[in-house]
Structure formats: structure tokens, C-alpha cells
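On a predicted model such as this, the values are computed, not experimentally measured, just so you know.
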There are 2 protein chains.
Amino acid sequence: MTVTSEESARELLEVVPVVMREIRSQMRSRRSLELTIPQFRTLAFINRNKGSSLYEVSDHMGLTPPSVSNLVDGLIERGMMTREEHPTDRRRVRLAVTSHGRAILETATRETLAYLAEKLSNVTPDNREVIAKAMEILRMTFARSVRSRS
Amino acid sequence: MTVTSEESARELLEVVPVVMREIRSQMRSRRSLELTIPQFRTLAFINRNKGSSLYEVSDHMGLTPPSVSNLVDGLIERGMMTREEHPTDRRRVRLAVTSHGRAILETATRETLAYLAEKLSNVTPDNREVIAKAMEILRMTFARSVRSRS
DNA sequence: TATTGTTATACTCTATAACTATA
DNA sequence: TATAGTTATAGAGTATAACAATA
């Protein structure tokens with residue numbers, strides 16, 4: 001089998017939105033958690049990168065600074081994050097996830113993974129390997145080039 | 001390599017949103033087209049299923065009827081779709097894509113595919129095969145069960 | 001009564017433009 | 001003057017609740 005770029009592009013365009021919708025609707029169905037995908041990603045990124053500035057987050061997520069500022073506002077209101085002044089550059093903020101936010105993030109992650117894993121349990125191990133490998137390839141292909149900001 | 005359901009679930013949850021964001025931002029960057037992903041999917045589905053009812057569309061897309069009604073309103077306003085009465089059941093509508101809508105759909109498809117294909121041209125043929133195979137598996141795993149409505 | 005669809009309402013996501021504060 | 005961030009504003013996507021029309 002030879003797969004052209006066009007054919008694999010077509011597959012991506014058909015299938016990715018379907019999987020995305022599944023993830024989204026599953027996440028929203030957990031009323032107790034009530035995290036949207038952007039909120040989830042924001043929380044996850046800042047959890048991994050404690051003390052990030054707003055620009056670092058927006059760079060990573062491919063969103064504009066106002067969009068991230070909005071997202072952060074909502075997460076702070078709900079007690080999941082903090083926004084502090086940078087110690088040496090007062091223009092910047094230092095974002096961090098609270099323990100409450102971390103707990104919610106972990107629960108949301110666990111439940112969403114459990115849901116996906118349950119779906120994937122019907123897939124043969126060989127095919128799961130194909131999926132994992134494809135995700136690695138896609139991750140490298142679509143990863144944002146990291147713009148460094150000192 | 002043995003991949004558990006949990007591991008492949010984690011990969012999906014990390015990578016799918018990234019690819020989705022690429023597709024979305026590319027689609028929006030074509031100012032002349034100005035189709036969002038939901039608009040694109042709606043148009044594409046109705047193009048493939050001429051005369052669909054609103055419920056058929058909402059079932060397929062996993063959206064509520066009011067959401068689809070909204071989407072359809074916007075597409076009709078912009079001359080891409082029509083909404084007609086069903087000949088024998090006056091509760092229903094018959095949705096169809098206009099030739100203008102089809103032209104826009106085709107252009108959007110072509111340009112988005114070209115963009116994705118360009119990204120994928122850096123991927124080896126073997127790896128493209130892995131991606132294509134993974135998409136097939138995911139398509140079957142996450143496909144909505146078709147609720148038939150006579 | 002059940003089904004199909006719309007309207008009313010509200011909230012989130014996202015962007016652009018304009019602004020403030022700091023470097 | 002350049003950078004970091006917020007506020008103002010607007011449009012799209014989505015849901016639930018309430019409704020109207022038809023079967």
C-alpha cells in the first residue's frame with residue numbers, strides 16, 4: 001500500500017474532527033468537572049510549566065493573548081489558578097495551578113482517559129500500536145516550533 | 001512494543017487537539033472562504049446526503065437540533081444552502097447545498113487538504129501509511145452508531 | 001401523545017482593536 | 001519605542017428550556 005500525502009490528509013480531515021468531538025462531549029458530560037477542552041489544555045500546560053507568563057501560554061496553545069487572558073480569568077474565578085506578579089519584570093504575570101485546580105485536572109484527565117481507554121479496549125493490541133505510532137508521527141509533524149522568550 | 005489502552009488513550013488526548021487546532025486555524029486563515037469547522041462539516045454532510053432532515057444532521061454530527069438550526073441559518077443567509085418543506089411530512093425540512101455552497105465547500109476542501117498534504121509531505125511514505133491505517137481504526141472505533149429514522 | 005423543528009436565552013471561545021503599564 | 005497584558009467589543013458554537021406545528 002502506498003499512501004500519498006493527499007490521501008493521508010483526507011483521512012486526517014475526516015477522522016480528527018470526529019475523535020475531537022467525542023473527547024469534547026465526554027469531557028462536558030462530567031457535570032461535576034465542567035472543564036472545556038481549552039480550559040483543560042490551559043490548566044494542563046500551566047501545571048507542567050509553573051510560573052509561565054501569558055505569552056508563553058498563548059504561544060504554546062496557538063491562541064491570542066486576549067483569548068488566554070479570558071480563559072485564565074475564568075479558571076481563577078473558579079479557584080483553579082493563581083496570577084501573580086513576576087518578581088523582576090512587573091509587566092509579566094506568573095501563572096500557577098492551585099491544588100484545587102490540580103485535583104480537578106487530575107480527575108478530568110483520569111475520567112477522560114478511562115473513557116477513551118474503554119473505547120480502545122475493543123481495538124486489538126496491534127492496532128493500538130498503530131494508533132500510538134501515528135500519534136507520535138503527528139505530534140512531531142504538527143508540533144509548534146517553540147519560540148523561546150527569555 | 002505492547003501498547004495498553006491507557007497509553008494509546010493518553011496519546012490521543014495529547015495529540016488530537018493539536019492537529020485539530022491546526023486544521024481550524026488554517027481554515028480560518030483563508031479569509032475568502034471563512035468557513036468554520038462546524039460549518040464545513042455541516043455543508044459536507046448535507047452535500048453527501050441531499051434532502052437530509054435537521055434531525056438526521058444533528059444525529060450525525062452529535063449536536064443538538066437548536067445548534068444545527070443555528071448553523072443552517074447562517075449557511076442559508078450566506079447562500080450556501082436551502083431549506084425546503086418535506087413533500088409528505090410537513091414537520092420536516094429538506095436541506096440541500098446550493099451550487100454556490102458546493103463551490104465554497106470544494107475550494108475549502110482543496111485548500112485545507114493542500115495545506116495538510118504539504119505538512120505530510122515531510123513524512124515518510126511508511127509513516128503516512130501508519131497514519132492512514134490509524135485513521136481507519138479510529139474512524140471505526142469512534143463512528144456514531146447510525147440511528148435510523150425512517 | 002410523540003416527533004420535528006424553531007425561538008429565547010445564556011455561556012464559552014476566539015479574534016481584532018485600543019488601551020495601560022513597564023522596560 | 002517595544003513588550004506584556006487587559007479591556008472592549010463582536011461573532012460563532014453550543015446547550016437547555018419553552019414553544020409551535022404536524023403526525
Scan nucleotides 21-23 of chain D against the protein and return all N/O pairs shorter than 3.5 Å with their distances rounded to 0.1 Å.
residue: dT22(D); atom: OP1; partner: Arg90(B); partner atom: NH2; Å: 2.8
residue: dA23(D); atom: OP1; partner: Arg90(B); partner atom: N; Å: 2.8

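Under the 3.5 Å distance criterion, the side-chain polar atoms of Arg90(B) are left unmatched by any main-chain donor or acceptor of Glu85(B). When atom types are taken as modelled, the side chain of Ser8(A) and the backbone of Ala132(B) share no donor-acceptor pair closer than 3.5 angstrom.
Residue Thr36(A) places none of its side-chain N or O atoms closer than 4.0 Å to OP1 or OP2 of dT12(C). Dashed line: the shortest gap from a side-chain N or O of Arg21(A) to OP1 or OP2 of dT14(D) is under 4.0 Å. A close approach under 4.0 Å does occur between a side-chain nitrogen or oxygen of Ser67(A) and OP1 or OP2 of dA15(C). Ser69(B) has a side-chain polar atom (N or O) that falls below the 4.0 Å cut-off from OP1 or OP2 of dT6(C).
Here Arg83(A) lies in heavy-atom contact (under 4.0 Å) with sugar-phosphate atoms only. At the heavy-atom level, Val93(B) lies under 4.0 Å from the strands shown only through sugar-phosphate atoms. As judged by a 4.0 angstrom heavy-atom cut-off over every strand, Arg41(A) is placed among residues making no nucleic acid contact.
For Gln39(B), the listed nucleotide lying nearest its side chain is dA12(D); candidates were dA12(D), dG5(C), dA4(D). In this structure, of dA12(D), dG5(D), dT14(C), it is dT14(C) that holds the atom nearest to the side chain of Arg24(B). The side chain of Thr64(B) lies closest to dA15(D), out of dA15(D), dA15(C), dA12(D). Across dT16(D), dT14(C), dG5(C), the shortest atom-to-atom separation from the side chain of Leu71(A) is found for dT14(C).
For dT14(D), its base sits under 3.5 Å from the side chain of Asn70(B) at one donor and acceptor pair at least.
In this structure, Ala117(A) and Ser5(B) approach most closely via the heavy-atom pair O-CB, 3.5 Å.
Using a 4.0 Å cut-off between charged nitrogen and carboxylate oxygen, Glu136(A) and Arg139(A) count as a salt-bridge pair.
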